[in-house]
Participant: 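Handing you this structure, nothing more for now.
A note on names: the letters A, B, ... follow the listed sequences, proteins ahead of strands, and every chain is numbered from 1.
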Amino acid sequence: MPIKLPISYPQELPLSQKVSEIKQALEQNQVLIVGGETGSGKTTQLPKICLDLGRGQQGLIAHTQPRRLAARSVCQRIADELKVEVGKEVGYQVRFQNITSDISCIKLMTDGILLAEIQQDPLLKQYDTVIIDEAHERSLNIDFLLGHLKNLLPLRPDLKLIITSATIDLDKFSAHFNQAPIIEVSGRTFPVDTFYRPQLEAEDKDLAENIIAAIRELFELEQKQQKGHKNRKGDVLVFLSGEREIRDIAQALRKEKFSNTEILPLYARLSNKEQNRVFQAHTGRRIVLSTNVAETSITVPGITSVIDPGTARLSRYSVRSKIQRLPIEAISQASANQRAGRCGRIAPGICIRLYSEDDFQQRPEFTDTEITRTNLASVILQMLNMDLGDIDSFPFLDKPETKAINDGIKVLQELGAVTDSGELNKTGKIMADMPVDPRYARMLMEASTRACLQEVLVIVSAMSIQDPRERPLDKQQAADEKHRLFQHPQSDFLSFLQLWQNFEDERQLLTQNQLRKFCQRHFLSYVRMREWREIHRQLHLQCRKLGLKENREPANEENIHQSILRGLIVQVARHHEELEYIGTRNRKFQIFPGSSLFKKKCKWILAARIS
DNA sequence: GAGCACTGC
């Protein structure tokens with residue numbers, strides 16, 4: 001039964017000018033690439049165009065976003081434009097939340113959800129159209145989806161696919177899909193003036209001084225330029241590498257006492273409430289000091305200038321050392337341009353780069369894609385589970401190096417998920433059905449045989465989220481003191497268990513409001529505690545479904561640690577001297593000072609994470 | 001003696 005919805009395209013959106021062109025291209029081609037910057041309207045209008053063409057009737061229109069928040073808010077916007085309720089004709093699904101119904105014809109979701117669905121339904125039979133949005137972000141999920149979709153298209157001639165991307169590297173997507181047509185849509189952005197102000201090491205200035213100098217220059221530039229403009233001083237966005245750098249620079253900037261100016265930190269670990277401060281109206285000027293969250297995840301409103309020191313932390317896996325790390329690196333040109341673009345959204349902007357134009361020109365054009373920077377065990381496990389055949393011949397946009405693939409297979413062998421010849425065994429099949437890292441999945445399986453699944457479920461969920469313990473700058477001691485209440489003297493893994501048990505006891509007794517207060521008093525993030533419980537619940541249900549054995553009696557600690565060890569064999573270490581330990585591959589490291597084992601000099605330890 | 005960012009049936 002076709003659903004009739006009133007469809008119109010807001011005149012002011014650039015994409016609305018191209019509706020008939022896009023319709024024609026979609027009718028004549030199976031795949032279409034749409035390039036357009038922020039504000040082009042592609043995200044909200046493309047699903048409507050599909051609907052207009054009669055799609056979303058035979059099957060759903062799938063529309064993927066890289067983040068949960070985006071999936072929810074895009075869903076809301078489309079529902080508003082179509083004048084329907086969220087969850088009816090237009091719904092969304094993200095982890096823990098499925099707000100769709102039988103009458104849904106557009107389904108917003110994270111790309112991770114679509115990927116997970118492929119495990120059960122490789123042909124994606126419930127969809128007649130798939131829109132992969134923000135494909136330029138090139139996450140592991142997106143790359144895997146684009147590879148699978150390429151194989152799928154000939155098997156589903158009725159399926160239409162739209163790939164959208166910022167206007168970088170459109171040809172690459174087109175080439176991947178048999179020279180699919182490209183339609184470019186302009187964005188609604190303003191020009192950004194870029195200035196290069198290299199930090200001169202010879203002058204012995206530190207980053208703070210360079211940033212202060214840049215801010216002063218910015219203010220002067222604005223005054224000169226302001227003759228023709230309205231007299232609103234816009235806000236400044238400064239990109240920094242991490243929490244500590246933000247703290248240091250904030251301190252230095254506050255000392256400068258810029259008149260009528262507020263310094264605002266922004267990073268993902270802040271509570272929602274603290275993050276929301278950037279969206280609140282304010283008088284005077286604001287200088288926002290942010291990590292990379294402001295590059296893609298959070299759009300800070302009101303920014304008219306950007307200061308870009310040109311570095312960021314980037315997660316990298318080394319096949320040689322078997323370790324995932326977070327080094328600070330020079331960012332790519334694409335990333336620098338994305339940062340600059342953050343100040344051209346409401347008025348012409350100014351971007352000051354704290355490096356030379358030469359330096360910029362010599363940088364790589366694009367950031368290395370995630371698939372080249374990460375351990376492939378999880379991707380390979382999923383591919384084996386789907387029986388995709390030879391991994392070498394899977395049509396990745398960028399093929400991972402053979403040695404990275406071999407390393408991923410080796411990890412799976414070490415976990416006992418595949419045979420010596422690289423085939424998935426029974427253990428591996430079950431692991432592939434668990435929504436966690438293969439190492440963690442292996443721990444759960446081991447725990448099932450060692451009568452400690454209950455406990456290991458709590459620990460694995462804890463390791464899958466960000467640490468719920470908070471340590472505010474001005475209350476570090478008070479926080480440490482409270483956290484010690486939950487500390488197990490011999491094991492940080494068991495500390496998680498102790499925290500969980502305490503929290504559960506309180507949760508049974510308290511109202512939600514009281515529980516929030518309990519969290520505040522004990523320096524725990526309520527939001528992350530909730531995420532912990534949600535992941536735990538999801539994993540618990542899945543383990544039950546997969547037939548893992550739950551223990552009725554409390555487990556013995558030895559068994560808990562043996563189970564964790566089964567997943568983390570490469571992270572055992574022996575005491576060397578003083579605070580130093582020697583791990584596998586002769587790696588030397590120290591224990592994190594927050595650990596209960598920090599100064600204990602144990603003979604052997606098992607590290608949850610090494611960096 | 002101390003913390004980049006996302007994400008999953």
Participant: Is the shortest side-chain N/O distance from A:R95 to OP1 or OP2 of B:dC9 below 4.0 Å?
Facilitator: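 Yes, because at least one side-chain N or O of A:R95 sits under 4.0 Å from OP1 or OP2 of B:dC9.
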Participant: Report yes if a donor N or O on one partner sits less than 3.5 Å from an acceptor N or O on the other, where the partners are the side chain of A:R244 and the base of B:dA2; otherwise report no.
Facilitator: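 No such pair is found, so the answer is no.
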Participant: Charged N to carboxylate O under 4.0 angstrom, A:R67 versus A:E137?
Facilitator: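 Judged by the 4.0 Å cut-off on N to carboxylate O distance, A:R67 and A:E137 do form a salt bridge.
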Participant: Using atom types as modelled and distance alone, determine if a side-chain donor or acceptor of A:N425 lies under 3.5 Å from a backbone N or O of A:G428.
Facilitator: yes
Participant: Between A:N141 and A:L326, which has a closest nucleotide on DNA chain B that is more 5'?
Facilitator: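 Its nearest nucleotide being more 5', the pick is A:L326.
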Participant: Are A:T110 and B:dT7 close enough that a side-chain N or O sits under 4.0 Å from OP1 or OP2?
Facilitator: no
Participant: Counting only heavy atoms and a strict 4.0 angstrom limit, can you tell me which residues of residues 117-125 of chain A come near DNA chain B?
Facilitator: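 Hits under 4.0 Å, by residue number: A:Q119, A:Q120.
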Participant: Does A:Q590 have a side-chain nitrogen or oxygen under 4.0 Å from the phosphate oxygens OP1 or OP2 of B:dG1?
Facilitator: no
Participant: Please determine, by modelled atom types, if A:T296 and A:Q338 share a side-chain donor-acceptor pair under 3.5 angstrom.
Facilitator: no
Participant: Which listed nucleotide (B:dC9, B:dG3, B:dC4) is nearest to the side chain of A:T291?
Facilitator: B:dC4
Participant: Less than 4.0 angstrom from a charged side-chain N to a carboxylate O is my criterion; do A:D368 and A:R316 meet it?
Facilitator: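 Salt bridge flag = yes for A:R316 with A:D368.
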Participant: Is the Lys NZ or Arg CZ of A:R363 less than 6.0 Å from the centre of A:Y355's six-membered ring, within 45° of the axis?
Facilitator: yes
Participant: Sort out for me which residue in A:R68, A:R95, A:R537 forms a salt bridge (charged side-chain N to carboxylate O under 4.0 Å, His left out) with A:E531.
Facilitator: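 Of all the options given, the one that passes is A:R68.
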Participant: Looking at DNA chain B, which of residues 375-386 of chain A put a heavy atom within less than 4.0 Å of it?
Facilitator: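 Those residues: none at all.
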Participant: Check every atom of B:dG8, B:dA2, B:dC6 against the side chain of A:R471 and return the nucleotide holding the closest atom.
Facilitator: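 Shortest atom-to-atom distance from the side chain points to B:dA2.
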Participant: Has A:R68 got a side-chain N or O lying under 4.0 Å from the OP1 or OP2 atom of B:dG8?
Facilitator: yes
Participant: Compare side-chain N and O positions of A:T296 against OP1 and OP2 of B:dA5 and report whether any pair is under 4.0 Å apart.
Facilitator: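 No, because none of the side-chain N or O atoms of A:T296 sits under 4.0 Å from OP1 or OP2 of B:dA5.
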